[in-house]
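Report on the structure given below.
Residue numbers start from 1 in every chain, and the chains themselves are labelled A, B, ... in the order their sequence lines are given, proteins ahead of strands.
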Amino acid sequence: MPMATGITVTNQDIAKILREIAELLEIKGETYFKTLAYTRAADTVDKLDFNLSEVKGEEELRQIKNIGSSIARNIWEILQDRECQKHRELLLQFPPTLLELLEIPGLGPKRAKALFESRGVRSIEDLVVLIKDQGLRDLPGFGEKTEQNILRGIEQYRRHRERLTIFRADSISRRIVEELRRRTGLELISPAGSLRRMRDTIGDIDILAGSAERPYVIGEFCNLSSAYEVLARGDTKSSIRTADGIQIDLRVVERDRYGSALMYFTGSKEHNVQVREIAVALGYKLNEYGLFERASDRLVVSATEEEIYGRLGLQFVHPYLREARGEVEMAKEGKLPRIVSLEEVRGDLHVHSTYTDGGNSIKEMALEAKRMGYEYVGLTDHALNLKVASGLTVEVLKRQFEEIDYLNEKLGGIRILKGSELNIGLDGSVDYDPEILAQFDFTVASIHGGFGRSREEQTQRLIRAMENPYVTIIGHLTGRIINKREPYQLDLEAVLEKAAETGTILEINSFPDRLDLKDDDIFRARRYGINFSLGTDAHSTQHMELIRFGVATAGRGWLEKKDLINTYPLPELLKIFGRKRARL
DNA sequence: GCCGTTTTCGGCCCGACTGTTTTCAGTCG
Ligand SMILES: Nc1nc2c(ncn2[C@H]2C[C@H](O)[C@@H](COP(=O)(O)OP(=O)(O)OP(=O)(O)O)O2)c(=O)[nH]1
Ligand SMILES: [Mg+2]
Ligand SMILES: [Mg+2]
Ligand SMILES: [Zn+2]
């Protein structure tokens, strides 16, 4: 196993270098298709469900799609010493800061090349100075408007680089769709892009409309109260930006093209490309206006996504699966997973009450669970050692159990499960004595401190915790908080292996700022045969609806009903909870 | 640079919008 100085090279490290090679080659002016090869290799590496650091040699690398002998050599070099010759050479010709320029909306490789070669621009800093000194005025291809656009682009780059949480994007898109409906009477309108695919973070908000009056709809879109700036306005699409710097793209097509347009606009880009390649191989052409016979340009189908996938000999691909992770091959073979759905979920397995830092009583949480049609709700107030959230003492716990017993008898139609959110200490230990732990129906153990520990320590901590027979579930495993905190360093593969070995369940924390485990990690975990649980981490009744984001994340990780314990009827759920304790 | 149950050469997804290009390149979706 090739090891770099101490730390293993991740697939993402490799993908980043390959992507930089692609970008630098584009700037250099290399043949487009050669740069495309590097981009495709980077995309492929990004989505692999195993670590390239486990690979034995270049031969094995070449078996991977989009990796041939050149790129295999590059990757092998990167695995040895975190760098490859090709990348090093390019960085001798171009400063790494030149790549910043490509982040500016409207500025691509061609203009970056021109700026670097004829004006010596090496960074965004340089570009700002150049523009101030009127240095763009006599550069061919850079007119007055281009200069203004670049300045606006730089401002945008500096002000707003973070992707949105799915929750924020979802709320904004609902508002926009509602307002457009109200103004135009549109019926055919829906979110598309990464929002429809329910990615954990969203770059921009994409909305599709079907209408016979396209200019009218576009006009109303540009008149929206939230349209702070109109970025583009054409016959079929338009982009606006809100005062908060959020971009919203609208695409409008004729109503009978809605299916093909939705398919196009939902993406992902890589999924689209793969499906379009299949169309080409079958003598068709696929675009947002429909599926066409290539020779005659005759329209075959366009109304629904189902028809298009069908004509291409593919199973319908759920939007959550459209990430170019092998779903197109599976659809061809009829082997797509039947991903878990919201209706199959029978309960929430991570909620808090006023006993600790929640805003609603146990009764209120239970009634909300019942209203949502659940069979059970797992109450997991914070355990003793979390002082900042007034973790429960044994005495208070006793009272809580009595209240739960009382409510379970009185309410009917909903079972409150006795749980606890245990704190994993630095040594992997958890709160309470075994006699107390044995009284819970289940526990969720999570890390609430010591985030900065080394990868080795963090991994050992989690492994110790999983060896504890009373730890049923590991909560928010990686500790990431989107746009706020990076995940802790840990050896995910080792943790997954241990979870499988000990029968420990892994949580998909459904709170939109966490979504932890995330879709990629869940996808990787599939081959270990691990069970997963969903919990909203609700601190009030309003949070309980956030379960839908967890279900989407599970689906995006290709989980089926059987993989998710929240789909089990109560008796089976309790059996699963008891299994680990019995075994260890 | 990568790839191939029709191909080892000749393709590589396909289209919209903007700007200054007088006929289309650059960038983005
Ligand atoms: N066929 C094709 N479709 C594309 C291409 N680029 C984008 N699309 C489609 C698929 C995308 O999901 C959709 C919206 O584009 P976006 O750039 O907004 O990407 P997306 O929403 O997937 O991700 P985001 O969260 O916005 O970064 O447009 C492309 O190069 N070819
Ligand atoms: Mg988008
Ligand atoms: Mg977009
Ligand atoms: Zn919690």
Side-chain angles (χ1 to χ4, degrees), chain A residues 18 21-23 25-27 29-44 61-75 86 101-115 137-150 152-153 192-194 203-208 214 218 222 230-240 247-253 257 260-292 294 297 312 324 328 332:
Chain A
L18 294 176
I21 293 176
E23 288 171 345
L25 287 174
E26 275 188 276
I27 292 175
E30 184 58 87
T31 335
Y32 170 73
F33 294 110
K34 196 184 267 193
T35 73
L36 184 67
Y38 279 94
T39 304
R40 287 182 157 198
D43 288 341
T44 302
L61 288 171
R62 288 188 51 191
Q63 307 308 309
I64 302 167
K65 193 160 67 82
N66 294 324
I67 297 177
S69 53
S70 277
I71 295 181
R73 189 172 349 104
N74 296 329
I75 294 178
K86 183 105 191 163
L101 297 188
L102 303 181
E103 303 281 316
I104 300 171
L107 215 170
K110 294 291 176 2
R111 289 203 175 107
K113 180 183 168 74
L115 288 168
R137 288 301 154 82
D138 47 350
L139 195 59
F142 291 79
E144 207 170 313
K145 290 207 165 159
T146 302
E147 180 176 313
Q148 289 311 309
N149 286 338
I150 288 175
R152 267 205 295 275
S194 50
D204 68 354
I205 293 171
D206 302 295
I207 297 172
L208 176 69
R214 291 184 312 205
I218 300 261
C222 294
V230 175
L231 302 173
R233 178 179 178 157
D235 303 331
T236 69
K237 71 184 212 183
S238 170
S239 295
I240 60 175
Q247 184 171 329
I248 304 168
D249 292 345
L250 177 74
R251 188 75 202 250
V252 193
V253 296
R257 307 300 170 103
S260 49
L262 188 59
M263 189 165 167
Y264 151 72
F265 213 25
T266 297
S268 66
K269 176 193 169 191
E270 292 75 19
H271 175 86
N272 286 352
V273 169
Q274 287 186 19
V275 174
R276 286 172 183 209
E277 280 171 351
I278 289 182
V280 170
L282 296 176
Y284 295 115
K285 177 181 71 174
L286 177 60
N287 60 31
E288 58 267 51
Y289 302 109
L291 183 69
F292 300 85
R294 187 164 282 274
D297 231 22
L312 294 173
V328 176
K332 208 186 295 183

Can you check whether [X] has a side-chain N or O nearer than 4.0 Å to OP1 or OP2 of [N]?
| X | N | answer |
| --- | --- | --- |
| A:Arg111 | B:dC28 | no |
| A:Lys285 | B:dG15 | yes |
| A:Thr146 | B:dT20 | yes |
| A:Thr35 | B:dG1 | no |
| A:Tyr289 | B:dA16 | yes |
| A:Arg40 | B:dC13 | yes |
| A:Asn149 | B:dG19 | yes |
| A:Ser70 | B:dG1 | yes |
| A:Gln247 | B:dG29 | yes |

With heavy atoms under 4.0 Å as the rule, sort [X] into base, sugar-phosphate or nothing.
| X | answer |
| --- | --- |
| A:Glu288 | sugar-phosphate |
| A:Arg294 | sugar-phosphate |
| A:Ile64 | sugar-phosphate |
| A:Glu144 | sugar-phosphate |
| A:Leu102 | nothing |

[N] to [M] separation - [atom1] atoms, rounded to the nearest Å:
| N | M | atom1 | value |
| --- | --- | --- | --- |
| B:dC2 | B:dT7 | C1' | 14 Å |
| B:dT20 | B:dA25 | C1' | 11 Å |
| B:dC12 | B:dC17 | C1' | 24 Å |
| B:dT8 | B:dC13 | C1' | 23 Å |
| B:dG15 | B:dT21 | P | 28 Å |
| B:dT18 | B:dT23 | C1' | 15 Å |

Distance check, rounded to the nearest 0.5 Å: [X] atom [atom1] versus [Y] atom [atom2]?
| X | Y | atom1 | atom2 | result |
| --- | --- | --- | --- | --- |
| A:Thr39 | A:Tyr32 | OG1 | OH | 7.0 Å |
| A:Arg214 | A:Arg251 | CZ | CZ | 9.0 Å |
| A:Leu107 | A:Leu102 | CG | CG | 7.5 Å |
| A:His271 | A:Met263 | NE2 | CE | 5.0 Å |
| A:Lys110 | A:Ile27 | NZ | CD1 | 11.0 Å |

Looking at [options], which one has an atom nearest to any side-chain atom of [X]?
| X | options | result |
| --- | --- | --- |
| A:Ala37 | B:dC13, B:dC2, B:dA16 | B:dC2 |
| A:Lys237 | B:dC12, B:dC13, B:dG15 | B:dG15 |
| A:Asp206 | B:dG29, B:dT18, B:dG1 | B:dG29 |
| A:Asp249 | B:dT18, B:dT20, B:dG29 | B:dG29 |
| A:Lys110 | B:dG29, B:dT20, B:dG26 | B:dG26 |
| A:Asn287 | B:dC3, B:dG15, B:dT27 | B:dG15 |
| A:Asp235 | B:dC17, B:dC14, B:dG19 | B:dC17 |
| A:Arg276 | B:dC13, B:dG29, B:dT18 | B:dC13 |
| A:Val280 | B:dG29, B:dT27, B:dC13 | B:dC13 |

_Trace of the salt bridge (Lys or Arg N to Asp or Glu O under 4.0 Å) decision for A:Glu30 with A:Lys86_ = CA-CA 13 Å; A:Glu30 184 58 87; A:Lys86 183 105 191 163; 5.8 Å; no
*What is the glycosidic conformation of B:dT5: syn, defined as within 90° of 0, or anti?*
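Judged by the O4'-C1' to base torsion, B:dT5 sits in anti, the angle falling more than 90° away from 0.
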_Under a 3.5 Å cut-off for both contacts, is B:dC2 paired Watson-Crick or G-U wobble with anything, and if yes, with which nucleotide?_
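WC or wobble partner is B:dG11.
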*Before accepting this row, confirm whether a basic side-chain N of the pair A:Glu26/A:Lys113 lies closer than 4.0 Å to the acidic partner's carboxylate O.*
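So A:Glu26 does not pair with A:Lys113 through a salt bridge.
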*Salt-bridge test for A:Glu270 and A:Lys65: reply yes if a basic N is under 4.0 Å from a carboxylate O, no otherwise.*
no
_Side-chain donor/acceptor contact of A:Tyr264 with base of B:dG29 under 3.5 Å_ =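 Result: at least one qualifying N/O pair found.
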*Can you check the A:Lys113 NZ to B:dA25 C1' distance for me, whole Å?*
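It works out to 15 Å between those atoms.
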_Rounded distance in Å - OH (A:Tyr38) to C1' (B:dC12)_ =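 Spelled out: OH on A:Tyr38 to C1' on B:dC12 is 16 Å.
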*Tell me which of A:Ser69 and A:Glu147 sits closer to the 5' end of DNA chain B, going by the nucleotide each one is nearest to.*
A:Ser69
*If you find the nucleotide of DNA chain B closest to A:Asn272 and the one closest to A:Gly234, which residue's nucleotide is nearer the 5' end?*
A:Asn272
